[in-house]
Amino acid sequence: MVINELKQKIKDYAGGLAGIKSNLNNLTVEEPKNEKFGDLSTNAAMVLAPILNKNPFEIASKIEKELISGWDQIKDVNIVKPGFVNFNLKDGFIKENLKNIIEYKEKFGSNRSGEGVRVQLEYVSSNPTGNLHVGHGRWGALGDSLANIYAANGYEVFREYYVNDYGTQADKFSDCAKCIYLGHSGRITSYPENGYPEESVSLAVDRLISEHNGRFIVEKSGIKEVETGPFKKEIIRMMVSYICETLELMGVRYDRWFYESWLYENSNLEKLITDLKNKDMVYEKDGALWFKVSRYADDKDRVVIRKDGSPSYFASDILYLMDKIKRGYDKLVYVLGADHHGYVDRLKSIGKAMGLAEDRLEIIIGQMVKIVDRGKTLKMSRRKGKLYPLRDLIEEVGKDAVRYFFSMNSFDTPMDFDVSLAKQKSNQNPVYYVQYAHARIESILEKIKESGPGDIESGSCSLDKIDTSKIEFKSRSERQLAKIMILYPDIIYNSCRSNAPYLVTQYLYRLATGFHYFYNNFRVVNDDGDRAAVDEDRFVLILLVRQVLRNALKLLGVSAPQKM
RNA sequence: GCGCCAGUAGCUCAGCUGGAUAGAGCAACGGAUUUCUAAUCCGUGGGUCGGGGGUUCAAAUCCCUCCUGGCGUACCA
């Protein structure tokens, strides 16, 4: 990492001046907004000024003299107005860093900051009582990309989907499905009141019929009935398989599908209750058993066992979290929609009650997706349906556009998803812009292969045997392209630290811009003479760009096409 | 009512551990192609950073207050 390493050096130095106790968290090393200020810039002097009670300009020149001017990575330093220290990197340093792309290839950009840490991510976990809608796509994309990013930072990653197959909602779903299922076998019954939308229930029923036909029908004194227990289990399995397929269509996969009902096996609940009673964490009131969560973070206590003796969903929350802890993950990440933000305190309370260190539990609350179609907002409603199904979107827009689109914003931003716009396959969708850069490179390489000039050894477009230190930057834009590439590892590190896949997306756009500009202004293959001549410096450069594009696209689950 | 999130260009969004002229994309307008894919490139216009107050050498960024929108506030899951 270029920036993060320089930053550490500066921070160490600043720490020496200011004393270790000083807060230097807002010390930054970053690319200045305006590139005329140089490659990189630090505000160190201005951060130190109040601590040392000195003029920032004075400190800046001290930093320049004592620290930065001695670095062999730096070509020149200059100090500007309030006390910015701006500097340029040596070309040689950039070239040296380019070597890493060749050395690490598809691993370029990765780091080991998370080595030895087992992190579990749970995302989507939509109830298996209906199909996924467009909003769920955001959590799928976010969760999967985050998982990839954590892995690229050296973490050991586990991806999990929690299936709510236990409790009254699952029963209700099963009842709805039963009605439709019986209808297929000729017996008409009335559809449950306030049942789930028939279209989405039918998805599971159709699947069940095609797999098992009428296997769950039993005749009782001439009347067709359904074996409720096995039917429920199977119909939910069908819905889950549909959900799983939908997510796979957008490249979202899991290591484990965890069923809520598992939590109630082996009398786990009884053990939990005894345990909670022994620890004095519960009390009885109005015939129900309450958990004293209000003593931790939640605003009020929650029911664990209802007065009818059945466990509440909160009981599942506890059991599930305990199960995760028991499985030995060092860090638990929940990706939840804003409609679940009431969970945060509840989950944190459980964590605290279970003695889980606060930093081991990370809850990401993503803001909602507002679905807009031709200027009209489609109202989101969890129970009532009439939402835009995720599957339709993937089929209409394509996996790549869906993944890219959902990775463009910070999860903190409520998002408007214009379905009609997304359906248009036009340059309005920036994914094509980025993919086009890759396809253009492929196209150049194809041309080189075809013309088979003698000056590229073996003609194969491989990264091996390239010495980047011999590259010459013939223009500003070539150097700029190289500089963007060597900053990639910093992006991967930062995107992990702030759970922000969109930083990768923004980076990709920037790299693609750099390439497109380069492409429009310079040629890699010149065939105006008798035979094609390949510019080797540029040939190397585009090979490197291709590699970095691929690496970043892969993290987002977007393909890198050969042709477009 | 209380809680969480948000309000930045016509639209969709970055920037918000305070810093250098508030940035991108799309849309609008004007250019570039006998040359490796024009799904590209270059240029122009476009802003009371929701309103008001405060802290500071410096505020889109921090504090207070008000307005607007989304979500939540179950012995549903």
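Because only heavy atoms are used, hydrogens play no part in the values below, and waters and symmetry mates are left out as well, while side chains stay in. Below, chain A is the first sequence line, B the second, and so on; all start at residue 1. If you're wondering where the values come from, they're calculated on a predicted model, not measured in any experiment.
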J.: From the list B/A77, B/C5, B/A60, which nucleotide is the closest neighbour of the side chain of A/H340?
T.: B/A77
J.: Phosphate oxygens OP1/OP2 of B/G15: is one of them under 4.0 Å from a side-chain N or O of A/Y502?
T.: yes
J.: What is the nucleic acid contact for A/P414, judged by heavy atoms within less than 4.0 Å: base, sugar-phosphate only, or nothing?
T.: sugar-phosphate
J.: Is the charged tip of A/R440 near the ring of A/Y519: under 6.0 Å from the six-membered ring centre and within 45° of its axis?
T.: yes
J.: Can you find a donor-acceptor N/O pair under 3.5 angstrom joining the side chain of A/H341 to the base of B/G3?
T.: yes
J.: Return yes if the base of B/A32 and the side-chain atoms of A/N521 contain a donor-acceptor N/O pair under 3.5 Å, otherwise no.
T.: no
J.: Return the nucleotide paired to B/A39: Watson-Crick means purine N1 to pyrimidine N3 with N6-O4 or O6-N4, wobble means G-U with N1-O2 and O6-N3, both under 3.5 Å.
T.: none
J.: Please give, in whole Å, the distance from B/C76 P to A/E260 CD?
T.: 13 Å
J.: Looking at every strand, decide which applies to A/S410 at a 4.0 Å heavy-atom threshold: base, sugar-phosphate, or nothing.
T.: sugar-phosphate
J.: Contacts to RNA chain B from residues 507-519 of chain A, heavy-atom cutoff under 4.0 Å, which residues?
T.: A/Y509, A/H516, A/Y517, A/Y519
J.: Please tell me whether A/E478 and A/S475 have a donor and an acceptor in their side chains that are separated by less than 3.5 angstrom.
T.: yes
J.: Between A/Y196 and A/K172, is there a cation-pi geometry (under 6.0 Å to ring centre, at most 45° from the normal)?
T.: yes
J.: A/A288 near the nucleic acid: base, sugar-phosphate alone, or nothing, with a heavy-atom cut-off under 4.0 Å?
T.: base
J.: Could you say whether A/R440 or A/Y313 is positioned toward the 5' end of RNA chain B, judged by the nucleotide with the nearest heavy atom to each?
T.: A/R440
J.: Regarding A/E122 and A/S125, do their side chains bring together a donor and an acceptor under 3.5 Å, going by distance alone?
T.: yes
J.: Do A/K292 and A/V282 touch side chain to side chain, with heavy atoms closer than 4.5 Å?
T.: no
J.: From the list B/C36, B/G72, B/G19, which nucleotide is the closest neighbour of the side chain of A/V524?
T.: B/C36
J.: Hey, does A/N43 reach any base, or is it just sugar-phosphate, or nothing, if we go heavy atoms under 4.0 Å?
T.: nothing
J.: Tell me which nucleotide among B/A6, B/C71, B/C76 gets nearest to the side chain of A/T168.
T.: B/C76
J.: Between A/F405 and A/R306, who's closer to the 5' end of RNA chain B by nearest nucleotide?
T.: A/F405
J.: For residues A/V163 and A/P128, report the shortest heavy-atom separation together with the two atoms involved.
T.: CG1-CG, 3.6 Å
J.: What's the shortest heavy-atom distance between A/P561 and A/M564, and which atoms?
T.: CG-CG, 3.9 Å
J.: What contact category does A/N86 fall into here, base, sugar-phosphate, or nothing, at under 4.0 angstrom with non-hydrogen atoms?
T.: base
J.: Is there a side-chain contact between A/Y123 and A/Y334 in this structure, where contact means two heavy atoms from C-beta onward sitting under 4.5 Å apart?
T.: no
J.: With heavy atoms under 4.0 Å as the rule, sort A/M415 into base, sugar-phosphate or nothing.
T.: sugar-phosphate
J.: Hey, does the side-chain of A/N34 have a donor or acceptor N/O within less than 3.5 Å of a partner on the base of B/U21?
T.: yes
J.: For B/U34, what is the paired nucleotide under Watson-Crick or G-U wobble rules, both distances under 3.5 Å?
T.: none
J.: Which nucleotide wins on minimum distance to the side chain of A/K300, given the candidates B/A77, B/A74, B/U12?
T.: B/A74
J.: Could you tell me whether A/A170 contacts a base, only the sugar-phosphate backbone, or nothing, with contacts defined as non-hydrogen atoms closer than 4.0 Å?
T.: nothing
J.: On the nucleotide B/G23, are OP1 or OP2 found under 4.0 Å from the side-chain N or O atoms that A/K33 carries?
T.: no
J.: Among B/C41, B/C36, B/U12, which is the nearest nucleotide to the side chain of A/R523?
T.: B/C36
J.: Which base sits across from B/U55 as a Watson-Crick or G-U pair, both distances under 3.5 Å?
T.: none
J.: Please check the phosphate of B/A39 (OP1 and OP2 only) for any side-chain N or O of A/Y436 closer than 4.0 Å.
T.: yes
J.: Of the nucleotides B/C36, B/C75, B/C41, which one has an atom closest to the side chain of A/D286?
T.: B/C75
J.: Hey, is the side chain of A/S312 pairing donor to acceptor with the base of B/A77 inside 3.5 Å?
T.: no
J.: Determine: side-chain N/O of A/K447 to OP1/OP2 of B/U35, distance under 4.0 Å, yes or no.
T.: no
J.: So what's B/C2 paired with, Watson-Crick or G-U wobble, going by both distances under 3.5 Å?
T.: B/G72
J.: Students often get this wrong, so: under 4.0 angstrom with heavy atoms, is A/F291 touching a base, only sugar-phosphate, or nothing?
T.: nothing
J.: Would you mind checking if A/R523 and A/D535 are paired as a salt bridge, meaning a charged N to carboxylate O distance below 4.0 Å?
T.: no
J.: Mark yes or no for a side-chain to base donor-acceptor pair under 3.5 Å between A/K36 and B/U21, with no hydrogen or angle criteria applied.
T.: yes
J.: At 4.0 Å (heavy atoms only), tell me whether A/R346 reaches a base, stays on the sugar-phosphate, or touches nothing.
T.: base
J.: What's the spacing between A/L263 CG and A/I318 CD1 if we round to 0.5 Å?
T.: 11.0 Å
J.: With a non-hydrogen cut-off below 4.0 angstrom, is A/Y343 in contact with a base, only sugar-phosphate, or nothing?
T.: base
J.: Name the closest nucleotide to the A/N26 side chain, picking from B/G19, B/A74, B/U17.
T.: B/U17
J.: When all nucleic acid strands are considered with a 4.0 Å heavy-atom cut-off, which category describes A/Q506: base, sugar-phosphate, or nothing?
T.: sugar-phosphate
